[in-house]
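Small disclaimer: the values here were computed from a predicted structure and weren't measured. Remember, it's 1-based here, ligands and their atoms both numbered in the order they're listed.
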Amino acid sequence: MKLTETVAVVTGGASGLGEACVRNLVVGGARVAILDLDADRGERLARDLNGAAHFARADATSESDVSAALDACQSAFGKVTAAINCAGIAVAVKTIGKAGAHPLALYRKVLDVNLAGTFNVCRLAAERMQANLPDENGERGAIVLTASVAAFDGQKGQAAYASSKGGIVALTLPMARDLADVGIRVNTVAPGLFLTPMMEGLPQPAQDALAHQPLFPKRLGKPSELASLVRFLVECPYINAETIRLDGGARLP
Ligand SMILES: NC(=O)c1ccc[n+]([C@@H]2O[C@H](COP(=O)([O-])OP(=O)(O)OC[C@H]3O[C@@H](n4cnc5c(N)ncnc54)[C@H](O)[C@@H]3O)[C@@H](O)[C@H]2O)c1
């Protein structure tokens, strides 16, 4: 899909990996609707991007919020051709700990935001994409999901988070099959350890330990590196139903 003809919705686009995707897509000529809970950051970013981006405050898990945000994107830019899903939350709680068993409500919350929220955005965006005129490759849309290496190498305390990200990996193929007939591709990125506000919340020694996990280069990933992979997944018409780890070769113990 040509970026100059792309109108992308980026969830979680106000911060971290999502923000990097917004910036990269706009530099490539796309127009972008930022969908996020954080209105201050989202509106500031949209202003920075001088008309190439529009912000809509929306909870990815809400049917009405996401429908309204997609309507606003179509009003601002005429269509929706890509959906980049970066909204997510992380918790670190063991299955049993000093405070007792993992709270079930917290487990459900992580699955709701990371997995059900992603599916909610995809289903509603795909419904609109199917009305697009196909491009010269027959494409009407491209969807990118964000899993995590925790889908494969989940750590202690990641029962909820890893479950949600494993669900994203498992969602990729059936959704790509469902949407193939209308010319919509679905791919997933599985990031390793990236320096974003989510990661900056960790104490420095924990960040330093994580920075040693990749084989090479021995550092945390840069959000711009993730954004260039997402851009490739939007642009390349032949990649579909794939999950790609982006982790400097890290395999977490
Ligand atoms: N940073 C990493 O190392 C890393 C590694 C693997 C996977 N990931 C995944 O990448 C994605 C982005 O992470 P990040 O590090 O950029 O985090 P971040 O906290 O910087 O950004 C996440 C954004 O999502 C938004 N958000 C949260 N819940 C939402 C909801 N219900 N509806 C709409 N927006 C919501 C937040 O407001 C925030 O702006 C997440 O799915 C995360 O699990 C991150």
Side-chain angles (χ1 to χ4, degrees), residues 9-24 33-46 55-70 83-92 106 108-122 124-125 144-155 157-158 160-169 171 188-202 206-207 209-211 213-214 219-227 229-230 243-248 250 252:
V9 174
V10 181
T11 75
S15 175
L17 302 182
E19 177 179 346
C21 291
V22 170
R23 291 184 182 281
N24 188 316
I34 303 161
L35 188 160
D36 205 293
L37 287 173
D38 189 335
D40 286 346
R41 284 187 71 117
E43 277 164 4
R44 203 177 324 128
L45 177 59
F55 173 73
R57 190 188 179 281
D59 182 337
T61 66
S62 156
E63 173 152 18
S64 55
D65 279 12
V66 173
S67 293
L70 291 167
I84 315 301
N85 293 270
C86 295
I89 55 173
V91 298
L106 183 62
R108 287 198 170 120
K109 167 92 180 158
V110 174
L111 263 85
D112 193 35
V113 174
N114 292 0
L115 185 54
T118 294
F119 186 63
N120 186 40
V121 170
C122 292
L124 295 172
V144 181
L145 315 180
T146 304
S148 163
V149 294
F152 312 103
D153 314 338
Q155 303 289 288
Q158 286 193 316
Y161 184 73
S163 303
S164 71
K165 296 304 188 178
I168 296 285
V169 173
L171 177 61
T188 291
V189 292
L193 305 156
F194 281 72
L195 192 56
T196 66
M198 194 182 260
M199 196 60 86
E200 281 161 13
L202 292 177
Q207 283 188 35
L210 291 171
Q213 295 295 334
R219 59 169 171 79
L220 297 176
K222 298 174 188 168
S224 59
E225 292 165 334
L226 188 286
L229 173 59
V230 169
T243 294
I244 301 178
R245 290 180 71 127
L246 191 70
D247 59 8
L252 302 186

Can you name the side-chain hydrogen bond (donor to acceptor under 3.5 Å, both in side chains) partners of R219, sequence neighbours left out? E225

When rounded to the nearest 0.5 angstrom, what distance separates CD1 in I89 from CG in L37? 10.0 Å

Anything with a heavy atom under 4.0 Å from ligand 1 counts, so go ahead and list those protein residues by chain and number. G12, S15, G16, L17, D36, L37, A58, D59, A60, C86, A87, G88, V113, T146, A147, S148, Y161, K165, P191, G192, L193, F194, T196, P197, M198, M199

So, do L45 and R23 sit near enough that their side-chain heavy atoms are less than 4.5 Å apart? yes

Once side-chain hydrogen bond (donor to acceptor under 3.5 Å, both in side chains) is applied, do any residues pair with N114, and if so which ones, sequence neighbours excluded? S164

Across all chains, not counting sequence neighbours, the side-chain hydrogen bond (donor to acceptor under 3.5 Å, both in side chains) partners of T61 are D59

Would you mind reporting whether L229 and V144 have side-chain heavy atoms less than 4.5 Å apart? no

